[in-house]
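Report on one structure; see the data block that follows.
Every heavy atom of this structure was used, including side-chain atoms; hydrogens, water molecules and symmetry mates were not. We name chains A, B, ... by the order of the sequence lines, and we start the count at 1 in each one.
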There are 2 protein chains.
Amino acid sequence: MELDSTDRLLLNLLQENALLTVREMAEKVHLSITPVHDRIKKLENQGIIEKYVALVNRKRIGRAMMVYCFVTLDKQRREGFQEFNEAIRQLPEILECSVVSGNFDYLLKIVVADMEAYNTFYQSKLSVLSSVSHMSSSFVMEEVKSTTLLNL
Amino acid sequence: MELDSTDRLLLNLLQENALLTVREMAEKVHLSITPVHDRIKKLENQGIIEKYVALVNRKRIGRAMMVYCFVTLDKQRREGFQEFNEAIRQLPEILECSVVSGNFDYLLKIVVADMEAYNTFYQSKLSVLSSVSHMSSSFVMEEVKSTTLLNL
DNA sequence: GTTGAAACCGGTTGTCT
DNA sequence: AGACAACCGGTTTCAAC
């Protein structure tokens with residue numbers, strides 16, 4: 001259950017490059033292939049490693065616009081949160097959605113092609129959601145940092 | 001340069017599971033192994049596929065707390081933005097950082113173990129940054145959706 | 001774009017210490 | 001838990017169509 005320093009190093013390595021061979025990782029952690037193989041399988045089976053994915057450059061596939069959207073729900077409608085959550089999960093333009101503390105209820109991260117596409121998306125998919133009381137959009141002008149690495 | 005429907009399908013598949021074999025993908029797109037292999041190499045060489053990574057479950061490695069932090073810089077100091085950007089890139093707790101439009105300058109996504117760890121991080125790493133004029137933290141209470149998939 | 005062949009390499013398993 | 005060896009399956013490149 002507990003992760004030792006070798007497990008943590010393996011997790012860091014795989015979070016940077018999932019295509020490393022077991023041999024390469026074995027060299028870096030100063031072990032032979034077998035224990036490294038077993039450790040990785042264990043991390044996968046424990047659900048610590050959730051999945052292996054390819055990361056795509058959004059600008060090179062014509063998705064230059066990223067927007068954060070702050071949402072406040074109408075608190076009178078008690079079923080509103082479940083409805084809203086389910087609607088959000090169906091929209092592929094929304095990459096992340098969290099319930100947050102503070103001046104609003106949700107923070108959404110949205111990726112679309114351009115401002116026109118965002119306007120269409122906002123008008124036809126977001127603003128039509130019942131139970132929404134207020135929304136405010138903040139446009140990303142520069143991505144200073146973006147990583148999936150949880151440094152161990 | 002242009003992506004056809006086969007390329008887009010391959011990108012969707014690899015964004016969901018980077019460990020698919022070429023044979024498996026070939027079956028799904030109804031082509032033989034050779035052209036699928038060539039297409040994937042081309043997507044990699046074009047930088048459309050940026051990298052392959054393992055995604056780690058943050059709660060299972062003791063990183064239960066996620067925080068969004070809104071930052072406003074002191075506009076009097078013209079070099080402040082470059083200084084701030086570089087400082088942010090050095091902090092592994094900060095997974096994402098964007099310059100945004102609206103009532104503040106930056107939006108940060110931060111992952112730490114718990115509230116105590118966030119307090120320590122905030123006091124010793126964030127609030128000490130010169131050029132920061134104002135900061136506000138919003139705590140994630142529930143992650144409704146979180147994906148890296150750019151749906152094509 | 002398809003097929004088939006060949007060389008190579010990495011994953012996987014069993015067995016040993 | 002780690003090391004070694006053998007097997008299997010995938011990748012990669014090539015040639016021919």
What residues 2-20 of chain A contributes to the DNA chain C interface at heavy-atom separation below 4.0 Å is none

To the nearest 0.5 angstrom, please state how far the CD atom of Glu116(B) sits from the CG atom of Asn119(B). 8.0 Å

Return one dot-bracket line describing DNA chain C 5' to 3' (Watson-Crick or G-U wobble pairs, both distances under 3.5 Å; ( ) same strand, [ ] crossing, | another strand, . none). ||||||||||.||||||

Salt bridge (Lys or Arg N to Asp or Glu O under 4.0 Å) partners for Glu16(A), two or more places apart: none

What are the residues of residues 32-45 of chain B, sorted by number, that bring a heavy atom to within less than 4.0 Å of DNA chain C? Ser32(B), Thr34(B), Pro35(B), Arg39(B)

For the residue pair Met25(A) and Leu10(A), establish whether any side-chain heavy-atom pair is separated by less than 4.5 Å. yes

I'd like to know whether the aromatic ring centres of Phe84(A) and Tyr106(A) sit less than 6.0 Å apart in this structure. yes

Rounded distance (nearest 0.5 Å) linking atom CD of Glu79(B) with atom CD of Gln82(B): 10.0 Å

Pair Arg58(B) + Glu143(B), salt bridge at N-O below 4.0 Å: yes

Gap separating the CG atom of Leu129(B) from the CG atom of Leu91(B), nearest 0.5 angstrom: 7.0 Å

Between CG of Asp114(A) and CZ of Arg63(A), what distance do you get to the nearest 0.5 Å? 10.5 Å

Assess the side chains of Tyr68(A) and Glu96(A): does a donor N or O sit below 3.5 Å from an acceptor N or O? no

Outer limits of DNA chain D sitting under 4.0 Å from a non-hydrogen atom of chain B, read 5' to 3', are dG10(D) to dT13(D)

Anything under 30° is parallel, anything over 60° is perpendicular, the rest tilted; go ahead and classify Phe70(A) against Phe70(B). perpendicular

May I have the list of side-chain donor-acceptor pairs in residues 131-140 of chain A shorter than 3.5 Å, sequence neighbours left out?
residue: Ser137(A); atom: OG; partner: Tyr118(A); partner atom: OH; Å: 2.7
residue: Ser138(A); atom: OG; partner: Ser101(B); partner atom: O; Å: 2.5

Rounded to the nearest 0.5 Å, what separation is found between the OG1 atom of Thr21(A) and the CD atom of Glu27(A)? 7.5 Å

